[in-house]
Protein chains: 2
Amino acid sequence: MPITIYDVAREAGVSMATVSRVVNGNPNVKPTTRKKVLAAIEQLGYRPNAVARGLASKRTTTVGVIIPDISSAFFAELARGIDDIASMYKYNIILSDSDQRLERELHLTNTLLEKQVDGIIFMGREITENHMEVFTTAAVPIVLAGTKDPTGQLPSVDISHFEAGYDATKFLINAGHTRIAMVTGPLGDPLAGMRRFEGYKKALDEAGLSMKDSYVYNGNLRYESGIKAVKQFLSLVERPTAIFAASDEMAVGVIHGIQDSGLRVPDDMEVVGFDNIRLAEMVRPRLTTVVQPMYDIGAVAMRLLTKYMNNEKVENHIVILPHRIEERESTKKIETTI
Amino acid sequence: MPITIYDVAREAGVSMATVSRVVNGNPNVKPTTRKKVLAAIEQLGYRPNAVARGLASKRTTTVGVIIPDISSAFFAELARGIDDIASMYKYNIILSDSDQRLERELHLTNTLLEKQVDGIIFMGREITENHMEVFTTAAVPIVLAGTKDPTGQLPSVDISHFEAGYDATKFLINAGHTRIAMVTGPLGDPLAGMRRFEGYKKALDEAGLSMKDSYVYNGNLRYESGIKAVKQFLSLVERPTAIFAASDEMAVGVIHGIQDSGLRVPDDMEVVGFDNIRLAEMVRPRLTTVVQPMYDIGAVAMRLLTKYMNNEKVENHIVILPHRIEERESTKKIETTI
DNA sequence: CGACTAGGTGCAATCGTTTTCAGCTATTCT
DNA sequence: AGAATAGCTGAAAACGATTGCACCTAGTCG
C-alpha cells in the first residue's frame with residue numbers, strides 16, 4: 001500500500017493541503033511547518049503520485065514526441081535535442097516511432113492526446129489534410145520539427161531545404177563542374193525529397209546547365225541507394241564529374257561505389273552530402289556536406305513548445321534555422337583568387 | 001471544455017458505467033446498447049482521459065526507459081527494439097537520457113516511479129548499490145537491457161561480453177596472429193569495458209601469448225579513440241599485426257588510422273570490431289565484427305517486462321542472448337583445411 | 001409453475017492529488 | 001484601541017475515470 005499525501009499529513013499533524021503546498025514549493029508555509037512536513041515525507045518515503053496530480057491540476061509535465069524512426073542517426077540526434085531541453089524544463093517525453101505510416105501517425109497523436117500530454121512534437125515528412133484534421137482537435141500545442149506544413153499554419157522548426165539544395169549544387173558549379181548528378185530522397189517527401197531536388201534544378205538552371213534525367217537517381221536516403229545510384233551514373237557514356245546526394249548515408253554509398261569501381265574521390269569525382277551526421281567524419285575521404293543543425297532543430301522545437309505551453313508570446317511561429325556547407329576532403333579545395 | 005464520459009452517458013441515455021464498459025471492450029453489454037454508446041462517442045468526439053483512467057485503475061500502460069544516450073547508434077537500436085515490442089503490447093514509452101550519470105539515473109528512476117509507470121527498462125553500465133537501493137523501493141518490475149547487475153538479482157537481457165571478447169581474440173589467434181592489440185572500452189564499465197577485456201586476456205593466456213601493456217589502449221568507445229589507439233600502436237618497434245576494438249566506432253577509427261599512415265587493412269593489419277552497428281558495413285574495407293543483437297536485446301527485455309507486468313511466470317530472469325562473429329573484409333579469409 | 005441463473009445495467013465509492021475559499025492569528029497602521 | 005492587513009492553515013469540492021455491488025429482467029430447469 002503506497003504512502004499517500006494523507007499519510008504524510010497525519011504523520012506531520014497538518015492537513016493534506018499543507019503537505020501539497022510544501023511539495024509544490026508554495027511559499028505560504030511557515031518554515032517550522034515546512035520542516036515538520038519534510039521530515040514526515042522523508043520518514044515515510046513518500047513519493048507523490050503524478051497521475052493524481054495530473055488529474056487534479058490538468059497538467060502532466062509530459063510531452064509527446066512522434067518520430068519516424070529512432071534508430072536513424074538523423075532523427076536520434078533531433079530527439080536528443082528535444083530531450084535535453086525537455087529535461088531542462090522538467091518535462092518528460094513519451095516517444096513513439098511512427099515509421100512514417102500515416103495511419104500510425106494519426107493513431108499515435110490520438111493516444112498521446114488521451115494521455116493528456118501538455119504538448120506534442122511531430123517529426124515526419126508530409127503533413128496532409130488528415131494530419132491537420134487530427135491536429136486541430138488537439139487542445140494542446142503541436143510543433144513540427146524537421147518538417148513544415150504546406151499551409152504554414154502550424155508552428156515548425158526546420159531549415160530551408162530548397163536553399164540548401166541550391167547551395168550545394170551551386171557549390172559544385174562554382175568548383176567548375178558542368179556535369180553534376182544528384183541522388184535525391186523520395187520525391188514523395190516534399191522537403192528532404194522534393195525541395196532539395198528543386199534547389200538543385202534551380203541552381204543548374206541559373207547556371208545555364210540543363211538537367212539531364214540520367215543524372216538524377218531517386219534514392220531512399222539510405223546507404224544502398226548511393227551504391228545503386230553510382231552504378232547508374234558510371235554506366236553513362238558521359239559520366240558526371242560531381243555528385244550531390246540528399247543524405248550523408250547515400251553520399252557515403254556514392255563514395256564507396258566510386259571507389260569500388262577503381263576511381264578516386266575527389267580526383268575523379270567529387271561528392272557532396274547532406275545532414276552532417278557523425279558518419280560524415282567517419283569515412284575516407286571525409287565528406288563535404290550540407291550541415292543541418294539537427295540537435296538544434298530538436299532543441300529549438302522543444303523550446304518553442306514550452307513557450308506555447310506557458311502561453312508566452314511567440315513572435316515567429318515558423319523558425320528556419322541556418323544551414324551551411326562544411327568542406328572536407330570529398331571535394332577539392334577551391335582556389336580562391338585574390 | 002473537453003467531453004467526459006459523463007457527457008457520453010447522457011447523450012446515449014445510459015450510465016457512465018456502461019460507457020466505461022463499452023470503451024474497455026467489456027463483453028457484458030447488449031449489442032444495441034453498445035451501438036448507441038458508440039454513436040454518442042463518435043458524435044461527441046469523445047476521447048477517454050488516460051490520466052483519470054490511470055488513477056482509477058492503477059495502471060498507466062506506460063513504461064519508463066532510461067537510456068545513456070539516444071543519439072548513440074547502439075542504444076538507439078536497442079530503443080527501437082523496446083519501442084516496437086511495447087507498441088505491440090499497447091504500451092507507451094517515457095524515454096529519458098541519463099548520460100550515465102549516477103545522480104541522474106536515480107533521479108529519473110524516481111520521476112518515472114512518480115509518474116506511475118507500470119515498469120521500467122534500464123540501460124546503463126554499472127549497477128551500484130545506490131541503484132539497487134532505489135530499484136528495490138519500486139512497486140513495479142525493472143528489467144536491465146544491455147547490462148546486468150553483479151548480484152544477479154535483477155532481471156536482465158544481455159550477451160556474454162566475456163565470451164564475446166574471448167571469441168574475437170581467439171578468432172585472430174586462429175588466423176595465426178601472435179601480436180594482437182586491443183582497444184578497450186572504459187574500464188570503469190564492468191561489461192563493455194572490463195569483461196570484454198578479460199575475455200581478450202583469457203584468450204591470449206590460453207594460447208600461451210603474454211599480454212603486453214603497450215598493446216592495450218584504453219578508449220572511450222568513440223571513433224576518435226580508435227585513431228589515437230593506432231597512433232600508439234604504430235609507434236611501437238614491434239607493431240601488432242591485428243587489432244581488436246571493443247566497439248565498431250573505434251574499430252573504424254582504427255582502420256582509418258591505419259590507412260592514413262599508408263598501411264592497408266587487412267593486408268598489413270587486420271581489424272575486428274564489436275557491436276555490428278550499421279556503420280560496420282559503411283566503411284571500406286567492411287568491418288569484421290562481433291555481432292551483438294541490439295534490437296533483440298531491447299525487444300526481449302521489453303517482452304520480459306510485459307511478463308512481469310502481467311504476473312506471468314518467468315523461467316529465467318537473466319537472459320543471455322547469443323553473439324557471433326560476422327566476417328567481412330577487414331580480416332583475411334581463413335583458409336579452411338579440408 | 002416456482003426457483004434459479006445469467007446477462008445487462010446503474011449507483012456510488014474510490015483513486016490521490018490540487019485548489020478555492022473561508023477562517024484564524026498576529027501584526028501593522030492610524 | 002480598533003480596524004485593516006498579511007500570513008498560514010484546513011475543509012471540501014473538484015478532476016474523470018474504474019469497479020464492486022445490488023438490482024432487474026428474462027430465460028431455463030426440474
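Values reported hereafter were calculated over all heavy atoms of this structure, with side chains retained and with hydrogens, waters and symmetry mates removed. Each chain gets a letter, A, B and so on, in the order its sequence line appears, and its residues count up from 1.
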Tell me if a side-chain donor or acceptor on B:D69 pairs with a main-chain N or O of B:D99 at a distance below 3.5 Å. no
Look at the side chain of B:S57 and the backbone N and O of B:R53, then say whether any donor-acceptor pair between them is shorter than 3.5 Å. yes
Please report, rounded to the nearest Å, how far the C1' atom of C:dG16 is from the CG atom of A:L44. 15 Å
Hey, does the side chain of B:T60 reach the backbone of B:Q116 with a donor-acceptor pair shorter than 3.5 angstrom? yes
Residues forming a salt bridge (Lys or Arg N to Asp or Glu O under 4.0 Å) with B:D83, sequence neighbours excluded: none
Scan side-chain atoms only and decide if B:N110 and A:R47 contain a donor-acceptor pair under the 3.5 Å cut-off. yes
Protein-to-nucleotide contact annotation, 5' to 3' order, nucleotides 8-17 of chain D [B base; S sugar-phosphate only; - none; under 4.0 Å, heavy atom]: SBBB---BBB
Measure from CG on A:D7 to P on C:dC15 and round the result to the nearest Å. 11 Å
